[in-house]
Amino acid sequence: MDNLNISNVSKRFFGVQALQNVSFDLKKGEIMGLVGENGAGKSTIIKILAGAYKKDEGEIYLEGKPFNPKDPADSLAKGIVVIHQERQLIPDLPISMNLFLDKLPQKKILGFISVLCGATLMKNSKELLESLGINLNPKTPVNRLNAAEKQIIDIAKAVNTQAKIVIMDEPTASLEPKEVQMLFKFIRKLKNRGTSVIFVSHRIEEVMEISDRITVLRDGRVITVVEKEETNAEEIIKNIVGREIKTLYPKESAEIGQEAFCVNNLRFKKDDDSISFHVKTGEILALTGLLGSGAGQTLECLSGKKEFHDGEVMMNGARIVIRLPADVIEKGIGYVPDDRKNEGIIAEMSVEQNILLPSLAKVTKFGFISRKKAQSLVEPLIKALNIKTPSLKTPVKNLSGGNQQKVVIAKWLASDATVLQLNQPTHGVDVGAKAEVHKLLGGFVKAGGSVIFASSDLPEVISASDRVIVFYKGSIAANLNACECDQEKVLKCSSGLEIN
Amino acid sequence: MTDANLNSKTFQPNVDVAWNLRLINGIKRYLQSWDQLFLPACFLALLLFLTFSSPYFLTWANLRNVLLQTSILAIVATGMTFVIIGGGFDLSAGSVVALSGTAAALALLSFGVPVGILVGLLIGAAIGSFNGLLISKMNLSPFIVTLGTLVTARGLALSISGGHTVSNLPREFTVIGTGNLMGIPYPALIFIGVFVLGHIILKYTAFGVKIFAVGGNREAARLSGIKVEKIIMATFIICSLCASFAGLVLAGRIRAGEPTVGVFLELYAIAAVVLGGTSLKGGQGSLVKTLLGVLFIGVLQNGLNLLNVPYYWQQVAIGVVFVSAATIGALRAAR
């Protein structure tokens, strides 16, 4: 029997058709991969299932009964659990309390004082963890767990409420490969219990690995629903973008010129190893390494976001002093942070104002912004970057993730930066937009700029750069030419197995 | 790219779009956001109600009075809007009104009118800088810092005057609070001037955009090269300057430096800003909204007077209106 049946669901927002006649079903104990570009309608359908949005048309049946949740609480009560990227755990409390936070077992002493019954809590927690095959001590505080374990506890907590369907939105975004496998093992256990799972992700390989069937959304429509055995990654990608992508990251060759930006003996803290590297005009340099290895932190220091102990930074042969981001920007160095929502965009402000922020001086006369100058600076960029927005005045929060990222990059193109630093530039961005971002960077260096980006996405690191610097535990483990390195080599260097 | 354009429901912005089409779209968007029309509608209803329930309401003398009465609040609320959009708030404004009025009165009795005015404004600038410095550089909470200056400034005002009213101010000074131009009182003209100036700064200058950016997302603003600390500092200085300016106008109007004026004025100013629809979270709002909030409170107070509601009950009424408005706002946001 179908656990969930979605038939002809449509949804419009202010004239934008977010979903159009979306239909698919989900069997009991099935893992369904849900993929599509940003803005394809994945979040909309999830939010409808979660009770956050109401559908305009169509029917949804849960175990054969019409399903029309009043609000998220109603949806949860009916057995649909959405696991968000942001964890809803209380870090200082032990696993056991987190698991049963909403119904902590109590006992009465002296007949009228209710107190927490520790023994029952431990017993219940152990039972739940065991039944899900989680090998963790319920007394461990949540903040001692790694990212995957936290995620698993978060899901266990939700499953505890008798979930029929678990929806996971980008659950592996911040996980290391080993942790991903841990999570997958757990998802398969859920499946064996008869829980259905909707697995939403941009990482096609992972979707291919874990799903039984895959639904592809594009422009608010279901393009295809296929059994995993009957398809392959290339076909899925083709369906997602609706056109064939010949190379994932088309890297144009640019003329490599003089040294543009140079870092000598950078140390994060006093006792750290020193880091030195340089980038030339026309060159794209990739920094990579496992989470916390220092690749991202290096950019955070060089952009003025975080303080560092010492080190010399040269731009076109002249030493620059970095105290504030403004110091670096003044020299023509732009920085795209990894946390788009909290550090990249100003959600309430318009697309135009977001792009203008670093270039206000350029469009200002006696303190007043010239509308004409502002428009002539921003409009060509929006066209060139293919940013999909109803207007220049639309608040950035109304754009999809990929388009928001393009807005953050557009800021620096508008500001005439010559060196661009990007921290995880395609994090949470779909395949099509990823390729577009790299095409953009290619164009940027072709025009004489230099790019340094930090990324943990290996295919991206190798195919979109000229040179790769691999970090291991806070220092440089290898400095490789992109053409002579492959994923295996980079992986070995980043896990300390090989040092160049 | 053309493919993408055809497929998607969005369109690329185009300068050539006919202006009338844009106008229609603009009006549509305005109507869609019922939020923007709610307070104006309530305000209109209040005006209509008062027009019919009091024959005196819609007379020039009364409207003039409303303008005069609200001018001090309006000037303070203008400064407050800057701070709130920048992501903070300022509890010290009411005390600054009293301190700068009193200090200016004392100074001008000894050293003449220009010195007096200068002293009043310098006090505002100094307190604003102090607030701004601690809040932006030391990262202290605006609540703590401005609560401190609220108490300190009030204490200073009472101390320097010995707790007494400083009267016998010269006519050249009191004229800013008592004079009029073609029947419009100077305080009203001043508040319109301050308001228009503030609106232009917020809306059309790079500085204004930076205030919105800092209030909207401090870290993103910093990473875009905005000197966040300077902007926050500037908003607090503007707020205190507005308050001290209001203090001068008020001293002129009551012809005395009075250390006990302006109690709760900052709270009314915050209420006016929020009532207008500017969010306390920062990063959004406008002075037009604030003006509406100020006028709403002003007309409401005036109406309660005309309807002979006792003063103490007026406070109750204003409180109830404010909380109701906030509740309705929250309900609409939750929709």
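Naming: A, B, ... by sequence-line order, numbering from 1 per chain. This is a predicted model, so every value here is computed, not measured.
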Student: Using non-hydrogen atoms and a limit below 4.5 Å, what part of residues 195-210 of chain B faces chain A?
Tutor: B:Ile200, B:Tyr204, B:Thr205, B:Ala206, B:Val209, B:Lys210

Student: What parts of residues 220-237 of chain B touch chain A if we use heavy atoms and a cut-off under 4.5 Å?
Tutor: B:Ala220, B:Ala221, B:Arg222, B:Leu223, B:Ser224, B:Gly225, B:Ile226, B:Lys227

Student: Looking at A:Leu356 and A:Leu377, what are the two nearest heavy atoms and their distance?
Tutor: CD2-CD2, 3.9 Å

Student: Examine whether an atom of A:Ile345 lies under 4.5 Å from a heavy atom of chain B, and if so say whether it belongs to the side chain, the backbone or both; otherwise answer neither.
Tutor: backbone

Student: Nearest heavy-atom pair of B:Ser244 and B:Gly120: which atoms, and what distance?
Tutor: CB-O, 3.3 Å

Student: Would you check if there is a donor-acceptor pair between the side chains of A:Ser391 and A:Thr394 at a distance under 3.5 Å?
Tutor: yes

Student: Is A:Trp412 reaching over with its side chain to a backbone N or O of A:Tyr335, donor-acceptor style, under 3.5 angstrom?
Tutor: yes

Student: Excluding sequence neighbours, so at least two apart, what forms side chain to side chain contact (heavy atoms under 4.5 Å, CB included) with A:Lys54?
Tutor: none

Student: Distance check, rounded to the nearest 0.5 Å: B:Phe322 atom CZ versus B:Thr327 atom OG1?
Tutor: 9.5 Å

Student: Counting only non-hydrogen atoms closer than 4.5 Å, does A:Glu343 touch chain B with its backbone (N, CA, C, O), its side chain (CB onward), both, or neither?
Tutor: both

Student: Need one label for A:Asp339: side chain, backbone, both or neither, based on atoms under 4.5 Å from any heavy atom in chain B.
Tutor: neither

Student: Which atoms of A:Lys305 come close to chain B, meaning under 4.5 Å heavy atom to heavy atom: side chain ones, backbone ones, both, or neither?
Tutor: both

Student: Under a 3.5 Å distance rule, please check whether A:Ser370 uses its side chain to pair with a backbone N or O of A:Lys373 as donor and acceptor.
Tutor: yes

Student: Within a reach of under 6.0 Å around CZ of B:Phe212, are more than 12 heavy atoms found that belong to other residues, nucleotides or ligands?
Tutor: yes

Student: Could you check whether any side-chain N or O of A:Asn403 sits under 3.5 Å from a backbone N or O of A:Leu399, counting only pairs where one atom can act as donor and the other as acceptor?
Tutor: no

Student: Under 4.5 Å, heavy atom to heavy atom: which of residues 126-139 of chain B reach chain A? Give them by number, or say none.
Tutor: none

Student: Looking only at heavy atoms, what is the nearest atom pair of B:Val96 and B:Ser240, with distance?
Tutor: CG1-O, 3.8 Å

Student: Using only atom types and a distance under 3.5 Å, with no angle test, would you say the side chain of A:Asn354 pairs donor to acceptor with the backbone of A:Ile346?
Tutor: yes

Student: Tell me whether B:Gln284 contacts the main-chain N or O of B:Ile85 through its side chain, where contact means a donor paired with an acceptor under 3.5 Å.
Tutor: no

Student: Return the CG to CG distance between A:Leu422 and A:Leu420, rounded to the nearest 0.5 Å.
Tutor: 4.5 Å

Student: Given side chain to side chain contact (heavy atoms under 4.5 Å, CB included), test A:Asn386 with A:Lys406 step by step and report yes or no.
Tutor: CA-CA 9 Å; A:Asn386 194 18; A:Lys406 288 191 210 163; 4.3 Å; yes

Student: Sub-3.5 Å donor-acceptor pair from the side chain of B:Thr278 to the main-chain atoms of B:Val274, do we have one?
Tutor: no

